[in-house]
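Remarks on the structure that follows.
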Amino acid sequence: MKRLTLIVTISLITLLLCTPLALAREVTVQGYGLTREEAINDALRNAVEQAVGTLVDSQTLVQNAEVVKDEIYTKSRGFVQDWTIVNEQRNAGQTIVTARVQVDTNPNSRLMGQLQRLKLIEQGLRDPRIGVIIPEYHLSAPIPDPAGETAIIKKLIEAGFSRLVDARQIQNIRYTNTVKSIMQGSREDALSFASSQGLDYLIVGEAFSTRNSSLYGLVSCGARLEAKIIKADTGEVIATNGLYGTGVHSSEFIAAKLALNEAGEKMGDYMVQQLMAFASNPEKGLQLVVRGITSYSKISILENELKQIRGVKNVYVRSYNGGIVTVDINYTYAPKTLANELEKLSGINLSITDITNSGIQSVMKY
């Protein structure tokens with residue numbers, strides 16, 4: 001009997017150790033509504049809002065207000081583990097409830113997942129401006145309103161990215177040689193186009209759909225969408241992939257659009273995942289450009305002093321030509337923080353002329 005008790009005890013302990021504990025933040029809130037149900041729903045939304053306010057900085061909340069409203073508060077029941085009504089009253093035709101609510105703050109919860117994405121977008125990617133260009137073809141004929149491109153943009157917006165370039169703004173370039181050149185790897189065209197649109201990241205690619213078969217009046221089409229993410233200031237390719245989609249419809253054109261849309265949704269999920277992975281890396285690549293350098297000895301001084309700055313992990317002199325030096329830096333903090341440090345250097349006197357999402361322009365002073 002003792003042996004059986006010991007086995008049961010060990011099993012229970014093992015089960016408890018292997019089962020992730022639910023993490024919840026308990027808050028006490030009030031809710032108002034014409035009915036009891038409305039008042040409870042209002043209380044749950046207020047509880048989630050209060051919990052969110054303690055987990056995310058106010059700047060992130062303000063800049064992502066619509067995303068927070070649409071993706072978090074309106075789905076508040078899904079983020080609540082339990083609640084208890086501690087007081088309920090009617091006043092002037094309105095129901096008022098006071099409730100103790102447990103909001104799910106488990107690191108793997110849906111709420112925390114959305115909040116983490118917002119944090120990464122704001123802090124890791126610095127609220128980037130993104131352009132998406134995916135020319136599409138069905139049987140070699142251009143499609144005027146690309147479905148895959150639209151699907152990618154939709155996925156980015158759903159993830160919390162708010163500064164997407166309007167597709168109508170770049171529609172005139174979609175089927176030009178410039179986009180083909182960028183897709184084929186032209187760094188110069190990528191940098192030029194990104195600069196003209198004020199982009200931080202460019203998602204560019206192309207998609208093709210073809211007719212596969214037809215049966216009983218239905219047409220089957222397949223599509224392949226290839227795309228890559230380019231860091232606009234350096235031309236660095238962050239990620240690249242090619243994905244497939246299928247569609248079936250009585251209309252061949254609609255079947256093709258369905259296939260392209262499916263491929264676009266898959267690519268959108270992939271791009272969000274890759275951007276978040278890039279954002280989660282604490283060491284961001286910054287590019288420092290210094291003009292007015294008169295000797296290589298000044299570059300050595302600059303390189304040595306950069307390595308002494310807190311947060312700088314690696315320094316690489318990319319090029320030196322015509323008095324202009326370009327330096328790639330792995331840096332933990334924001335560009336403006338590094339800019340402040342640069343103007344404090346003792347061995348070389350720099351004046352900052354421009355700061356972008358991941359680059360700093362400067363001039364050497366004498």
Side-chain angles (χ1 to χ4, degrees), residues 56-64 116-130 161-163 187 190-191 194-195 198-202 229-238 274-366:
V56 183
D57 60 279
S58 59
Q59 183 179 10
T60 300
L61 285 177
V62 170
Q63 294 189 357
N64 297 278
Q116 184 63 24
R117 283 194 294 272
L118 293 180
K119 276 189 174 181
L120 287 175
I121 291 170
E122 173 59 29
Q123 299 175 15
L125 294 175
R126 302 163 189 138
D127 192 20
R129 181 172 165 83
I130 303 175
F161 292 94
S162 59
R163 303 179 65 211
R187 182 174 179 272
L191 294 177
S195 176
L199 301 178
D200 298 308
Y201 297 91
L202 172 62
I229 309 173
I230 299 175
K231 196 165 180 284
D233 56 347
T234 64
E236 173 189 359
V237 177
I238 295 175
Q274 295 303 308
L275 284 168
M276 292 303 172
F278 183 73
S280 64
N281 181 359
E283 297 177 14
K284 292 295 180 298
L286 293 175
Q287 189 170 83
L288 171 66
V289 177
V290 183
R291 290 176 168 78
I293 297 288
T294 56
S295 67
Y296 194 79
S297 62
K298 293 291 185 181
I299 297 177
S300 297
I301 294 173
L302 174 64
E303 185 177 5
N304 289 332
E305 293 214 9
L306 284 172
K307 291 178 180 178
Q308 304 306 312
I309 296 176
R310 181 171 176 267
V312 171
K313 303 300 182 181
N314 189 33
V315 177
Y316 177 73
V317 178
R318 175 68 62 183
S319 64
Y320 173 52
N321 185 30
I324 302 174
V325 62
T326 301
V327 185
D328 289 340
I329 305 170
N330 280 358
Y331 186 62
T332 302
Y333 308 112
K336 62 182 180 181
T337 305
L338 179 60
N340 290 332
E341 295 298 322
L342 291 175
E343 292 193 329
K344 298 176 185 177
L345 296 180
S346 58
I348 190 168
N349 194 3
L350 297 182
S351 176
I352 306 303
T353 59
D354 187 46
I355 303 175
T356 65
N357 186 279
S358 55
I360 299 173
Q361 300 280 332
S362 65
V363 176
M364 180 177 170
K365 298 190 298 183
Y366 295 92

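- Counting only heavy atoms from C-beta outward, the side chains of Ile360 and Ile329 never approach each other to under 4.5 Å.
- No side-chain donor-acceptor contact under 3.5 Å links Gln274 to the backbone of Ile238.
- A distance-only check finds no donor-acceptor pair linking the side chain of Thr326 to the backbone of Tyr320 [under 3.5 Å].
- Within the 4.5 Å cutoff, side-chain heavy atoms of Leu350 are placed close to those of Met364.
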Steps toward side chain to side chain contact (heavy atoms under 4.5 Å, CB included) verdict (Ile309, Leu342): CA-CA 9 Å; Ile309 296 176; Leu342 291 175; 4.2 Å; yes
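- Under the salt bridge (charged side-chain N to carboxylate O under 4.0 Å, His left out) criterion, Arg291 pairs with no residue, sequence neighbours left out.
- Counting only residues at least two apart or on different chains, no salt bridge (Lys or Arg N to Asp or Glu O under 4.0 Å) pair has a member in residues 357-366.
- Atoms CD1 and CG, on Ile293 and Asn321 in that order, are 13.0 Å from each other to the nearest 0.5 Å.
- The nearest pair of heavy atoms linking Pro335 to Ile355 is CB-CG2, 3.8 Å.
- A salt bridge (Lys or Arg N to Asp or Glu O under 4.0 Å) check over residues 323-335, counting only residues at least two apart or in different chains, returns the pairs Arg318-Asp328.
- Distance check, rounded to the nearest 0.5 Å: NZ of Lys231 to CG of Asp200 gives 9.0 Å.
- Here the straight-line distance linking atom CD of Glu236 with atom CD of Gln287 works out to 10.5 Å at 0.5 Å rounding.
- The distance from atom CG of Asn349 to atom CD of Glu343, rounded to the nearest 0.5 Å, is 8.5 Å.
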Check against side chain to side chain contact (heavy atoms under 4.5 Å, CB included), Leu338 and Leu288: CA-CA 10 Å; Leu338 179 60; Leu288 171 66; 5.9 Å; no
May I have the list of side-chain donor-acceptor pairs in residues 294-303 shorter than 3.5 Å, sequence neighbours left out?
unit_1 : atom_1 : unit_2 : atom_2 : d
Thr294 : OG1    : Tyr366 : OH     : 3.2
Ser295 : OG     : Ser297 : OG     : 2.8

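- Using a distance-only test at 3.5 Å, with no hydrogens or angles considered, no donor-acceptor pair links the side chain of Ser351 to the main chain of Val363.
- In this structure the side chain of Leu286 never reaches within 4.5 angstrom of the side chain of Val327, judged on heavy atoms.
- Residues satisfying the salt bridge (charged side-chain N to carboxylate O under 4.0 Å, His left out) test with Lys344, not counting sequence neighbours, are Glu341.
- Scanning both residues, Tyr331 and Arg310, for their nearest heavy atoms gives CE1-O, 3.5 Å.
- Within the structure, salt bridge (Lys or Arg N to Asp or Glu O under 4.0 Å) pairs that include any residue of residues 345-354 do not occur (at least two apart or interchain).
- Residues in residues 330-340 take part in no salt bridge (Lys or Arg N to Asp or Glu O under 4.0 Å) pair, two or more places apart or across chains.
- With sequence neighbours excluded, the residues satisfying side-chain contact (heavy atoms from CB on, under 4.5 Å) with Leu191 are Arg187.
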